[in-house]
Amino acid sequence: MKACFYRAYGGPEVLQYGDLPDPVLEAGQVLVRLSAASVAPLDWKLRAGLLQAHFTPGFPKIPGRDGTGTIIALGPESTDFAIGDRVCVMAPPPLAAGTYAERIACNTINVVKLPDAISMEDGAAVVNSGLSAWISAVRTADIKPGQKVLVHSGAGAVGGLLVQFCRHLGADVTTTCRDGNQDYVLSLGASRAIAYDRDDFTTIEPQDTVFDLVGGAVHDRSYTVLKPGGHLVWLTALPIVDRGEEFGVRVSRAMISDDGEAVSAMLDLVAKGIIRPQISHLMPLAEAREAQTMMAAGTVTRGRIVLQIP
Ligand SMILES: NC(=O)c1ccc[n+]([C@@H]2O[C@H](COP(=O)([O-])OP(=O)(O)OC[C@H]3O[C@@H](n4cnc5c(N)ncnc54)[C@H](OP(=O)(O)O)[C@@H]3O)[C@@H](O)[C@H]2O)c1
């Protein structure tokens, strides 16, 4: 099969497009013919060797944390699925098999049916980003109507979905984005947009919850905008220092794990048109190296790059 893969850690040049053996289907797995895959920050960080403290992938490593496609074969003991089902797949980072490929064999626990109302590209744009936003807003923060919420990075893939989830849950959402993206994040449901490269977000009124998707100095300055007893929810990005006790606020890491139930709940909102997938660029699979280079350079904005797999 055609795939993008690398045989050792390194810069974008180690990522090649070529032929690899077809996956071998094992018990409890389904074989998926992939149509689309998303390009996430984790993909280039893993390839660059920056995540070796967390994951040890097998080589040749096919990147791609998530994707969508159609089931073309069932392994023994694969219940609940049929050939022809449209599905989303989650590919855990330690496995050699990712979604930048024509086919993937997946454990059924990492496969979720894709509602007919959602295109393959839109589905690929939201599997992991939507799961991350849904777990953060619903499980970790438990956002309630009327709460004041600050979402950092509202124009990013996860942040843009978080803005939409928090708005849907009835919160009053303020978000940060680069200058020029304000109208975009307002269109996602934010009430206020603050340009992080021009204005100071710490002047806003006290918030019940802050979602930090940046870490570092942004995390540190976020304590000052929380009400006493407020909640700072963070996802893994730049390293943070927990100063919750000092400021009298709760600090929680959103623990993002592959969870089919959460993906189904999130996809249901997408299928109903309540949450809108955000696609920054559509690119062919063969251009994955270029896509990862753009992502690492920080030029990708307004959603995910989605790779189309012919
Ligand atoms: N398991 C986990 O903990 C987990 C899961 C998912 C994601 N993450 C992390 O969450 C972060 C966001 O992921 P993503 O997929 O949404 O990335 P993304 O699509 O690349 O978005 C990153 C966004 O960050 C924004 N940004 C850059 N500097 C900023 C600043 N100083 N203040 C506010 N926003 C700033 C940019 O906004 P503009 O476009 O407006 O410039 C950009 O859109 C990444 O670090 C990722 O690794 C962690």
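Everything quoted here is computed from the prediction, not taken from an experiment. Order of appearance sets the numbers: ligands from 1, and atoms from 1 within every ligand. If you read the sequence from its start, that first residue is 1, and numbering goes on from there.
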For [atom], what is the nearest protein heavy atom, given as residue, atom name and distance?
atom: atom 11 (C) of ligand 1; answer: Leu213 O, 3.3 Å
atom: atom 46 (C) of ligand 1; answer: Thr236 O, 3.8 Å
atom: atom 2 (C) of ligand 1; answer: Ile256 CG1, 3.8 Å
atom: atom 19 (O) of ligand 1; answer: Ala157 N, 2.9 Å
atom: atom 4 (C) of ligand 1; answer: Leu235 CD2, 3.7 Å
atom: atom 34 (N) of ligand 1; answer: Ser153 OG, 3.0 Å
atom: atom 42 (C) of ligand 1; answer: Gly156 CA, 4.2 Å
atom: atom 20 (O) of ligand 1; answer: Met295 CE, 3.3 Å

With only distance considered, is [X] within less than 3.5 Å of ligand 1 through an N or O on each side?
X: Thr301; result: yes
X: Asn128; result: no
X: Ala254; result: no

Residue-level breakdown please: for [X] versus ligand 1, do any non-hydrogen atoms fall below 4.0 Å on the side chain, on the backbone, on both, or on neither?
X: Pro41; value: side chain
X: Arg304; value: side chain
X: Val218; value: side chain
X: Ser132; value: side chain

Any atoms of ligand 1 less than 4.0 Å from a non-hydrogen atom of [X]? List them with their elements.
X: Ala155; answer: 39 (O), 40 (O), 43 (O)
X: Cys177; answer: 40 (O)
X: Asn181; answer: 38 (P), 39 (O), 40 (O)

Task: Minimal non-hydrogen separation, Gln278 against Arg302, with atom names - done: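 Closest approach of Gln278 to Arg302: CB-O, 4.0 Å.
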TODO: Indicate yes or no: does Lys113 engage Asp80 in a salt bridge with an N to O separation below 4.0 Å.
DONE: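 No, no charged N to carboxylate O under 4.0 Å.
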Open item on the list: Closer than 4.0 angstrom, basic N to acidic O: yes or no for Arg221 and Asp212?
Closed with: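 Salt bridge between Arg221 and Asp212, a charged N being under 4.0 Å from a carboxylate O: no.
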TODO: Please confirm whether Lys45 comes under 4.0 Å of ligand 1, counting heavy atoms of the residue only.
DONE: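 For ligand 1, residue contact (heavy atoms, under 4.0 Å) with Lys45 is present.
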Which option wins on minimum heavy-atom distance to [atom]: [options]?
atom: atom 45 (O) of ligand 1; options: Gly215, Ala237, Ala217; result: Ala237
atom: atom 31 (N) of ligand 1; options: Trp234, Tyr196, Phe201, Phe211; result: Tyr196
atom: atom 40 (O) of ligand 1; options: Arg178, Arg65, His54; result: Arg178
atom: atom 14 (P) of ligand 1; options: Ile135, Val158, Thr176, Thr175; result: Val158

- [ ] Return the orientation label for the His219 and Trp234 ring planes: parallel under 30°, perpendicular over 60°, tilted otherwise.
- [x]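 Ring orientation of His219 relative to Trp234: perpendicular.
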Has [X] got a side-chain atom pairing as donor or acceptor with [Y]'s backbone, closer than 3.5 angstrom?
X: Arg33; Y: Thr70; answer: no
X: Glu287; Y: Pro284; answer: no
X: Thr176; Y: Ile194; answer: no
X: Thr175; Y: Ala193; answer: no

- [ ] State whether a side-chain donor-acceptor pair under 3.5 Å links Ser257 with Asp259.
- [x]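 No donor-acceptor contact under 3.5 Å links the two side chains.
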TODO: May I ask whether Ile256 and Val112 are part of the same hydrophobic cluster, defined by side-chain heavy atoms of I, L, V, M, F, W, Y residues being less than 4.5 angstrom apart, directly or through others?
DONE: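 Yes, same cluster.
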Task: In one Ile/Leu/Val/Met/Phe/Trp/Tyr side-chain cluster, 4.5 Å: Val210, Tyr196 - done: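 No, separate clusters.
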Open item on the list: Which residue in the set Lys148, Arg167, Lys144 passes salt bridge (Lys or Arg N to Asp or Glu O under 4.0 Å) when paired with Asp172?
Closed with: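 When Lys148, Arg167, Lys144 are each tested with Asp172, the salt bridge (Lys or Arg N to Asp or Glu O under 4.0 Å) holds only for Lys148.
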Open item on the list: Are the side chains of Gln292 and Pro12 in contact, using a 4.5 Å heavy-atom criterion?
Closed with: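 Side-chain contact under 4.5 Å: no.
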TODO: Check whether any side-chain heavy atom of Tyr6 sits under 4.5 Å from a side-chain heavy atom of Phe59, and report yes or no.
DONE: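 Sidechains of Phe59 and Tyr6: in contact.
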